[in-house]
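So the structure is just underneath, and the comments pick up after that.
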Amino acid sequence: MKEIVLTRAIMAAGEKLSVLELREPTYDEVEQMGIPFSYTESGEMKLDTRSALKYIPVLAGIPRSSASQMVLKDVFMVSMSIVGFFTGSESSATSESDSTTPPTSGA
């Protein structure tokens, strides 16, 4: 779960939200919405805006109409947090502590 503090609060289900909590996407959601980025020929990451925007209401558990209230800066920050689920740019301590493979095994 990732928390993102919004620059400007939005309304969702009758309540004012100033923090979005994002859960990790499931396999089925990735199959449906795709990977939210690609790589250019020069190896630079390119955000797939269409895919990232589809994930926001789903992973935050808010209606699409609430997601559409977000300021562009927040849309970008949330999109980059979603990309982090795929790239491992989130805290590596979580994945290491959940691993069943010893760190020195090379497997």
Side-chain angles (χ1 to χ4, degrees):
M1 186 81 65
K2 292 183 182 182
E3 286 189 353
I4 295 98
V5 177
L6 301 175
T7 306
R8 185 177 72 206
I10 61 172
M11 294 299 292
E15 74 179 86
K16 195 174 192 176
L17 295 179
S18 46
V19 175
L20 283 186
E21 292 183 354
L22 297 178
R23 63 169 177 78
E24 281 194 56
T26 65
Y27 179 89
D28 290 337
E29 290 164 345
V30 175
E31 182 179 42
Q32 178 184 10
M33 294 178 260
I35 304 278
F37 64 93
S38 61
Y39 289 100
T40 65
E41 287 183 19
S42 62
E44 296 175 343
M45 184 185 292
K46 179 182 175 189
L47 180 67
D48 180 343
T49 308
R50 194 175 310 252
S51 176
L53 289 176
K54 290 178 184 176
Y55 277 108
I56 293 173
V58 174
L59 301 184
I62 60 174
R64 186 194 175 286
S65 60
S66 296
S68 70
Q69 297 170 29
M70 294 169 53
V71 296
L72 293 179
K73 178 181 176 183
D74 291 341
V75 170
F76 178 75
M77 294 306 295
V78 172
S79 296
M80 294 312 294
S81 292
I82 291 167
V83 167
F85 286 125
F86 293 86
T87 62
S89 62
E90 60 188 293
S91 171
S92 61
T94 303
S95 62
E96 287 176 11
S97 65
D98 292 342
S99 176
T100 58
T101 305
T104 57
S105 75

Establish whether Ile82 and Tyr39 are linked, either directly or via other cluster members, by ILVMFWY side-chain heavy-atom contacts under 4.5 Å.
yes
Output for pair (Lys46 NZ, Glu41 CD), nearest 0.5 Å, gives 11.0 Å
Identify every side-chain donor-acceptor pair in residues 51-68 under 3.5 Å, counting partners at least two apart or on other chains, and give the distances.
{"residue": "Ser51", "atom": "OG", "partner": "Met33", "partner atom": "O", "Å": "2.8"}
{"residue": "Ser51", "atom": "OG", "partner": "Gly34", "partner atom": "O", "Å": "3.3"}
{"residue": "Tyr55", "atom": "OH", "partner": "Gly34", "partner atom": "O", "Å": "2.7"}
{"residue": "Ser66", "atom": "OG", "partner": "Met11", "partner atom": "O", "Å": "2.7"}
{"residue": "Ser68", "atom": "OG", "partner": "Ser65", "partner atom": "O", "Å": "2.8"}

Determine, stepwise, if the pair Met77 / Thr7 fulfils side chain to side chain contact (heavy atoms under 4.5 Å, CB included).
CA-CA 10 Å; Met77 294 306 295; Thr7 306; over 6 Å; no
Between Met70 and Leu20, is any pair of side-chain heavy atoms under 4.5 Å apart?
yes
Side chain to side chain contact (heavy atoms under 4.5 Å, CB included), that's the test. Do Asp74 and Ile4 meet it? Break it down for me.
CA-CA 8 Å; Asp74 291 341; Ile4 295 98; 5.8 Å; no
Among Ile, Leu, Val, Met, Phe, Trp and Tyr joined by side-chain contacts under 4.5 Å, find the other residues sharing a cluster with Val19 and list them by chain and number.
Val5
Between Arg23 and Met1, what is the shortest heavy-atom contact and its length?
N-SD, 4.0 Å
Close side-chain approach of Asp48 to Ile35, heavy-atom, < 4.5 Å:
no
Same cluster or not: are Val71 and Val75 linked, directly or through other Ile, Leu, Val, Met, Phe, Trp or Tyr residues, by side-chain heavy atoms under 4.5 angstrom apart?
no
Less than 4.5 Å apart, side chain to side chain, heavy atoms only: is that true for Phe85 and Pro36?
no
Output for pair (Met80 CE, Lys2 NZ), nearest 0.5 Å, gives 9.5 Å
